[in-house]
K.L.:
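Before I ask anything, here is the structure I am working with.
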Amino acid sequence: MNRQSTDDAFDERPSRYIVGIDLGTTNCAVAYLDTEIAAGSIETLRIEQWVDFGTRQQRELLPSFVYQPLAEERQLLEQGGGADSDHLVGWLARERGLQLPGRQVVSAKSWLCHDGVDRNEAILPWQGDEDVAKMSPVDASAMYLRRIREH
């Protein structure tokens with residue numbers, strides 16, 4: 001059997017961590033097991049996210065919401081060290097979207113499998129405000145995964 005070079009193949013060593021990601025319609029969650037701990041137990045990854053302007057916390061769930069902040073909100077996020085002040089993902093995105101629903105992407109996962117739309121087309125937020133940039137369900141879902149990875 002011909003083996004690929006190590007540049008082209010996956011690393012064949014066992015992974016230290018076994019990770020499970022639930023990319024849910026309402027919330028995302030991550031659980032992991034450290035295989036180097038003999039009596040290891042499954043742990044929940046706490047994901048850092050904005051919970052208020054100027055305040056970040058680690059939470060076990062990342063709400064599956066994207067919110068496009070108003071200009072004055074973007075300034076607050078930038079002052080607080082927000083890496084991407086054009087979009088909020090998670091807890092604050094869910095809470096602000098309750099107040100300004102035309103700026104919030106919800107149910108991106110549901111749109112991924114909707115046979116009546118192109119999941120790569122910028123259609124969200126559905127019935128969004130005119131000044132809000134649209135994104136695809138794939139892009140919104142990728143934002144959730146990026147937030148988890150950047151944690």
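The figures here come from the full heavy-atom set of this structure, side chains too, leaving out hydrogens, waters and symmetry mates.
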K.L.:
When clusters are formed by joining ILVMFWY residues with side-chain heavy atoms under 4.5 Å apart, either directly or through shared neighbours, do Val138 and Met135 land in the same one?
P.N.:
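Hydrophobic grouping puts Val138 apart from Met135.
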K.L.:
Once you round to the nearest 0.5 Å, how far does CD of Glu95 lie from CH2 of Trp50?
P.N.:
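CH2 of Trp50 is found 16.0 Å from CD of Glu95.
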K.L.:
Can you tell me how far apart CG (Leu76) and CD (Glu78) are? Round to the nearest 0.5 Å.
P.N.:
9.5 Å
K.L.:
Give the minimum heavy-atom separation between Pro63 and Asn27, together with the two atoms involved.
P.N.:
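Here Pro63 and Asn27 meet closest at CA-OD1, 3.3 Å.
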K.L.:
Taking Gln58's backbone N and O only, do any of them form a donor-acceptor pair with Arg46's side chain (distance below 3.5 Å, no angle check)?
P.N.:
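At least one qualifying donor-acceptor pair exists.
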K.L.:
Please examine the side chains of Glu48 and Glu150, heavy atoms only from C-beta on, and report whether any two atoms are closer than 4.5 Å.
P.N.:
no
K.L.:
Within the side chain of Arg103, is there an N or O that forms a donor-acceptor pair under 3.5 Å with the backbone of Gln68?
P.N.:
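Checking the backbone N and O of Gln68 against the side chain of Arg103, a donor-acceptor pair under 3.5 Å is found.
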K.L.:
Taking all heavy atoms of Leu124 and all of Ser136, pick out the closest pair and write down the distance.
P.N.:
CD1-C, 4.4 Å
K.L.:
Tell me, please, whether Trp111 has Arg119 positioned over its six-membered ring: NZ or CZ under 6.0 Å from the ring centre and within 45 degrees of its axis?
P.N.:
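Here Arg119 fails the 6.0 Å and 45° test against Trp111.
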K.L.:
Is there a path of hydrophobic side-chain contacts, each under 4.5 Å between heavy atoms of I, L, V, M, F, W or Y residues, that connects Val89 with Val105?
P.N.:
yes
K.L.:
I would like to know whether Lys134 and Glu121 meet side-chain contact (heavy atoms from CB on, under 4.5 Å); could you show each step before the answer?
P.N.:
CA-CA 9 Å; Lys134 299 265 187 183; Glu121 186 180 341; over 6 Å; no
K.L.:
Looking at Asn120, is its backbone amide N or carbonyl O close enough to the side chain of Asp118 to form a donor-acceptor pair, meaning the two atoms are under 3.5 Å apart?
P.N.:
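Answer holds: yes.
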K.L.:
To the nearest 0.5 angstrom, please state how far the CG atom of Leu77 sits from the NE2 atom of His87.
P.N.:
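It is 12.0 Å, given to the nearest 0.5 Å.
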K.L.:
Could you pull out the closest heavy-atom pair between Ile42 and Leu33, with the gap in Å?
P.N.:
N-CD1, 4.1 Å
K.L.:
Is there side-chain contact between Arg59 and Val51, with heavy atoms separated by less than 4.5 Å?
P.N.:
yes
K.L.:
Check whether any side-chain heavy atom of Leu23 lies under 4.5 Å from a side-chain heavy atom of Ser141, and answer yes or no.
P.N.:
yes
K.L.:
Nearest 0.5 Å, what's the CH2-OG distance between Trp126 and Ser110?
P.N.:
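Reported value, rounded in 0.5 Å steps: 13.0 Å.
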K.L.:
Work out which heavy atom in Ala133 is nearest to a heavy atom in Pro125; give both atom names and the distance.
P.N.:
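Smallest interatomic distance, heavy atoms only, reads O-CD, 4.2 Å.
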K.L.:
In Å, rounded to the nearest 0.5 Å, how long is the span from CD of Gln104 to CG of Leu98?
P.N.:
6.0 Å
K.L.:
Taking the side chain as every heavy atom from C-beta outward, state whether Leu61 and Trp91 have any pair of such atoms under 4.5 Å apart.
P.N.:
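No; the side chains remain at least 4.5 Å from each other.
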K.L.:
Are Arg96 and Glu73 close enough for a salt bridge, meaning some N to O gap below 4.0 Å?
P.N.:
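Yes, Arg96 and Glu73 are salt-bridged.
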K.L.:
Under 3.5 Å, is there a donor-acceptor pair between the Gln57 and Thr55 side chains?
P.N.:
no
K.L.:
Start with the C-alpha distance between Val19 and Ile21, add both sets of side-chain angles, then the distance that settles side-chain contact (heavy atoms from CB on, under 4.5 Å), and finish with yes or no.
P.N.:
CA-CA 7 Å; Val19 178; Ile21 300 174; 4.1 Å; yes
K.L.:
Rounded to the nearest 0.5 Å, what's the gap from OH on Tyr32 to CG on Leu45? Could you check?
P.N.:
6.5 Å
K.L.:
What closest approach, in Å, do Thr25 and Ser64 show between heavy atoms, and which atom pair accounts for it?
P.N.:
O-CB, 3.5 Å
K.L.:
Membership question, hydrophobic clusters at under 4.5 Å side-chain separation (ILVMFWY): are Phe53 and Leu70 in the same one?
P.N.:
yes
K.L.:
Got a sec: does the CD of Gln127 have more than 12 other heavy atoms crowding it under 6.0 Å?
P.N.:
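No - once you tally the heavy atoms of other residues, nucleotides and ligands closer than 6.0 Å, there are 12 at most.
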K.L.:
Suppose we screen for side chain to side chain donor-acceptor pair (under 3.5 Å). Which residues come up paired with Gln49, at least two apart in sequence or across chains?
P.N.:
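In terms of side chain to side chain donor-acceptor pair (under 3.5 Å), with neighbours along the sequence ignored, Gln49 is linked to no residue.
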K.L.:
Do the side chains of Val106 and Tyr67 get nearer than 4.5 Å, heavy atoms only?
P.N.:
no
K.L.:
Looking at side-chain heavy atoms only, is the closest gap between Asp34 and Glu43 below 4.5 Å?
P.N.:
no
K.L.:
Under a 3.5 Å distance rule, please check whether Ser15 uses its side chain to pair with a backbone N or O of Ile18 as donor and acceptor.
P.N.:
no
K.L.:
Of the non-hydrogen atoms in Tyr144 and Ala108, which two are nearest, and what is the gap between them?
P.N.:
OH-CB, 3.8 Å
K.L.:
Within the structure provided, determine whether Val66 and Leu88 are in side-chain contact (heavy-atom separation under 4.5 Å).
P.N.:
no
K.L.:
Is there a path of hydrophobic side-chain contacts, each under 4.5 Å between heavy atoms of I/L/V/M/F/W/Y residues, joining Phe65 to Val30?
P.N.:
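Hydrophobic grouping puts Val30 apart from Phe65.
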